[in-house]
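Notes follow once the structure below has been shown.
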Amino acid sequence: MRRTGRAHRVMLARGPVWLIPRYADVHALLRDRRLSKDWRTAPGHAFSAEHAAPDVRDLIEATMANTDPPEHTRLRSLVSSAFTLSRAEALRPRIEQVADTLLTGIASQERTDLISSFAAPLTMTMLADLLGIPPADQDDIQRWTEQINTPDGDQRHLIPPAVRNMRHYLTGLLAERRRAGGEDLLSALIAEHEDGQGLSDTELLRMAMLLLLAGYDTTAGFIGNAMLALLTHPDQMETLRSRPELVPQAVEELLRYDSSVGVTTLRYTTAELAIGTTTIPPGEVVMLLLASANRDDEQFGNADQLDVHRTANSHVAFGHGSHYCLGAPLARAEIQVAITATLRHLPHLALAVEPDALTWRMSRIVRSLRELPVIPCHNPSTKPPLAGR
Ligand code: HEM
């Protein structure tokens, strides 16, 4: 696609969309005001949420992720102070503690799924800490999030009930926080609401839901993708074992190489958009192919090569512009800790199946493995069962 054109009109099951594959276009369009994130600017389109049942639609419209300025600016500014780099750095000791506990439990096992035993609980614990969700409720949240974000083709009917379950749960949680207060982000947002400054009741619900949907399986899934990339590139894994100071830069390279968010959420043209020789009319749906942009040889030398030494790395795995991932500092801290701690605790980690036997969740938004079966402590004196590609 990158070679043959700058804008491709394709038919998806629900209707036509324009796919933009080249880095320069993706990067520029992420900041282009002619592309709206608000489906209300393109009513009647097959992808808009206007056909959803009112109690579902009410929760998924007009969130930070699908509004334009000035609505977007107001919503984002109310939570942005909780997601700064310094806030994420302050959480690092807690991330390390959770990672160490999980990996200590795994080290003695013969075989485990690194996603369900490590990446998922690590990510969910950090989000639950942030939002004040008790440990007993985390499995439910995890299940509903997966049902909404990564439903396999025949599971799409589970989305509305999962949204309703989430709504019911979060309504109760917000009522409890309103009554008892707490140190978490939801309590802080409620306090602002009561000062008359902040979010309305519905906006509070939407915000809580958005943070869970945007923050959980993107990060858990990515830790899986990153570990798979390292397990199938043993030379790169070895480099990081011997030089752990390279981990932050390696995380950027792993995000470029195989991020868990391969395409942006939908954007709508509000005016004619000329891209090279193609003109996209107003009211059309556009998807920017982040994964393709991140492998564009015009931008990155040897783009298909995983190289943890790569430094000039302006990838778009977290997007760009005003909708740049709000949780990027937190995600980076979690991923860096996850990789560093795994390398330290499991020096002889090996894949337990052939890479080709792994299967991926079906989702337009999140690219993640269903499972990552590993042998935590493979005996290094025998040949690794699967030495990688
Ligand atoms: C590896 C993990 C993650 C990846 C790859 C990722 C990727 C992205 C991308 C590409 C966008 C922009 C989408 C677009 O412009 O259409 C985005 C937005 C967003 N992300 Fe993340 N994300 C990750 C983790 C997180 C976490 C941990 C949180 C919060 C706890 C989070 C919260 C958000 C929010 C709220 C937005 C919407 C921001 C806005 O529209 O202003 N993300 N993310």
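Bear in mind the structure is a predicted one, so any value in this text is a computation, not a measurement. We count ligands from 1, going down the list as the structure has it; atoms in each ligand are counted the same way.
At a heavy-atom distance under 4.0 Å, only side-chain atoms of Arg267, from C-beta outward, approach ligand 1. Looking at Leu290 against ligand 1, only its side chain comes within 4.0 Å, counting heavy atoms. Looking at Ala317 against ligand 1, only its backbone comes within 4.0 Å, counting heavy atoms. Contact annotation for Arg76 and ligand 1: only side-chain heavy atoms (C-beta onward) come within less than 4.0 Å of the ligand. In Leu288, neither the side chain nor the backbone holds a heavy atom less than 4.0 Å from any atom of ligand 1. Contact annotation for Phe318 and ligand 1: heavy atoms of both the backbone and the side chain come within less than 4.0 Å of the ligand.
For Asp296 and Arg22, the salt-bridge test fails: no basic side-chain N is under 4.0 Å from an acidic carboxylate O. Looking at Arg332 and Glu252, a side-chain N of the basic residue comes within less than 4.0 Å of a carboxylate O on the acidic one, giving a salt bridge. Arg370 and Asp113 are not joined by a salt bridge, as no carboxylate oxygen comes within less than 4.0 angstrom of a charged side-chain nitrogen.
Shortest contact from atom 37 (C) of ligand 1 to any protein heavy atom: Ala65 CB, 4.1 Å. Scanning the protein heavy atoms around atom 5 (C) of ligand 1, the nearest turns out to be Ser259 OG, 3.5 Å. For atom 33 (C) of ligand 1, the closest heavy atom belonging to the protein is Ala214 CB, 3.6 Å. For atom 26 (C) of ligand 1, the closest non-hydrogen atom on the protein side is Gly215 CA, 3.4 Å. Ranking protein heavy atoms by distance to atom 36 (C) of ligand 1, first place goes to Leu326 N, 4.1 Å. Closest protein heavy atom to atom 12 (C) of ligand 1: His323 O, 3.5 Å. Taking atom 18 (C) of ligand 1 as the reference point, the nearest protein heavy-atom neighbour is Cys325 CA, 3.5 Å. Closest to atom 2 (C) of ligand 1 among all protein heavy atoms lies Thr219 OG1, 3.6 Å.
The shortest N/O to N/O separation between Lys37 and ligand 1 falls below 3.5 Å. Considering backbone and side-chain N/O of Ser260, none are found under 3.5 Å from N/O of ligand 1.
Atoms of ligand 1 lying under 4.0 Å from any heavy atom of His72, numbered from 1 in the order shown and given with element: 39 (C), 40 (O), 41 (O).
Taking the six-membered ring where tryptophan is involved, the planes of His72 and His323 are tilted, since the angle between them lies from 30° to 60°.
Residue pairs meeting the salt bridge (charged side-chain N to carboxylate O under 4.0 Å, His left out) criterion with at least one member in residues 203-221, sequence neighbours excluded, are Asp58-Arg206, Arg74-Glu203.
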